[in-house]
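Naming convention: chains lettered A, B, ... in sequence-line order (proteins, then strands); numbering from 1 in each chain.
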Protein chains: 2
Amino acid sequence: MTRFALTVEYDGRPFMGWQRQDHGPSVQQALEEAAHAVTGERVAVHAAGRTDAGVHALEMRAHMDVEKPIAAFRLMEALNARVRPHPVAVLACEEVPDDWHARFSCTGRAYEYRIVNRRAPLSWEAGLAWRVPQMLDADAMAAAARVLVGRHDFTTFRSVHCQGGSPVRTLDRLDVVREGERIAVHAAARSFLHHQVRSMVGCLALVGLGRWSVDDVRDALEARDRARLGLNAPPDGLWFVGATY
Amino acid sequence: MTRFALTVEYDGRPFMGWQRQDHGPSVQQALEEAAHAVTGERVAVHAAGRTDAGVHALEMRAHMDVEKPIAAFRLMEALNARVRPHPVAVLACEEVPDDWHARFSCTGRAYEYRIVNRRAPLSWEAGLAWRVPQMLDADAMAAAARVLVGRHDFTTFRSVHCQGGSPVRTLDRLDVVREGERIAVHAAARSFLHHQVRSMVGCLALVGLGRWSVDDVRDALEARDRARLGLNAPPDGLWFVGATY
């Protein structure tokens, strides 16, 4: 048996999310079926992060175990050939020790949330970003983001369906950067709660719109109450951009 | 009658190109039908550049004449509402003098050609860039590009279907910039021949692959013979990025 680490890019639009679902296509199923076609084996693929429906990845990390002898490069090429026509691409593949685990060995996860701040609808980027038609104050959003950085109980910013155990997380980075009509929110942490990035971005957007103050964000955080969440941003703009080990 | 100048973004994938066609959807038709729905008038929309099937635009300029009194901002909003579900977005709309013409007043056009240079297929970017799996030498491509800059007879780089009159054009800019796996070719001129950017990029790619030298590009240019074209790059990677007046 050889364990392979994969770096995977995918377009989340047609998927119910990373994780296998009974009711629709998933990235995991697409990759597991490709791996089965390549190896003839029942292969399980595990990822660093189980992204939601409609969420994308530029560099998701994953791993799989293969019995059949195969070189990493050939496996990558064969997976890419077999995963078509799903919008999933294996960017890199390497052998790793048997105790390397894409999810449990992961020590850092990074997301980027993309907002397009303009009146006009999206064309080529539909489903790949969140369009906000009203003017957003990115400086105010950046100030509010600083309230959330650090170790906190993020219950307010956590889906009621979250199975992540403790609601306490340490947010290492939450930066807001505007370039023209585009606003990117960069988030990094060892791990995130379910919907945490989208919930944080939703509240930052309220601040950007002038409907919430920085203090409203602090109050919502300190309330530790999901009912105090202002807004959950849509999945469209969320991109898993990297994992560290 | 009021003449309005439009700035239009579109995803070229579902279209037969800018220009109205009998055999399939076009950007022009989508906008003209939206304008008809808004005004009740038979409106003709003229663009700075008539892009081919599968070619995209970030800032196409166009104009249209409207009899009905309407403010520019309301017209923009109404066009965006009516052009759905086509992936076309009117980014800006302003009144211009009656003699302002999107095509004939245009003094400069700029394109960007996007190459993704990697083994893995494209996922979210499928149809929006040209994937070249073999390693490209971007420095060699940049050197070859400099041969093409200036005033030349571009017959070699012109579609046999080109209706542009003289094959002589002045290419003001042809820059090749690599950032990681991405290579962008920036082209600017007063006007381009049909397929000129794609034909130039195709030959630059041959240089990047080591199959052509810089001298081969010079020879092809000087031959003034379409049969000497090395390769026409696919439309996927071509973006109209701006027009100047």
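- The two residues A:Ile183 and A:Ala138 come nearest to each other via the heavy atoms CD1-CB, 4.3 Å.
- Residues of residues 102-113 of chain B lying under 4.5 angstrom from chain A, judged on non-hydrogen atoms, do not exist.
- Residues B:Ser123 and A:Glu9 bring a donor and an acceptor atom of their side chains to less than 3.5 Å of each other.
- For the pair B:Arg119 and B:Glu181, the salt-bridge criterion is not met [side-chain N within less than 4.0 Å of a carboxylate O].
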Q.
Checking A:Arg3 against A:Asp65 for the salt bridge (Lys or Arg N to Asp or Glu O under 4.0 Å) test, could you report, in this order, the C-alpha distance in whole Å, the side-chain angles of both residues, the deciding distance, and whether it holds?
A. CA-CA 4 Å; A:Arg3 179 159 293 187; A:Asp65 295 335; 2.7 Å; yes
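- Annotation: maximal heavy-atom pairing with chain A below 4.5 Å, among B:Pro87, B:Ala81, B:Gly12, occurs at B:Pro87.
- Classification of A:Glu32 and A:Arg20 as a salt-bridged pair holds, one side-chain N sitting under 4.0 Å from a carboxylate O.
- Heavy-atom minimum distance, A:Cys93 versus A:Leu6: SG-CD2, 3.7 Å.
- Interface remark: A:Glu125 contributes no atoms to any contact with chain B (heavy atom separation under 4.5 Å).
- Heavy atoms closer than 4.5 Å to chain A are found in the side chain of B:Leu128, but not in its backbone.
- With a 4.5 Å cut-off on non-hydrogen atoms, A:Arg84 does not touch chain B at all.
- The number of heavy atoms from other shown groups lying within 6.0 Å of CZ (A:Arg118) is above 12.
- In summary, the side chains of B:Arg178 and B:Asn117 do present a donor paired with an acceptor at a separation below 3.5 Å, with no hydrogens or angles considered.
- Between A:His194 and A:His161, a ring centre-to-centre spacing not shorter than 6.0 Å is recorded.
- Among residues 45-61 of chain B, the residues having any heavy atom closer than 4.5 Å to a heavy atom of chain A are, in sequence order, B:Leu58.
- Minimum heavy-atom separation, A:Pro234 to A:Trp130: CG-CD1, 3.3 Å.
- No more than 12 heavy-atom neighbours from other residues, nucleotides or ligands sit within 6.0 angstrom of CZ on A:Arg190.
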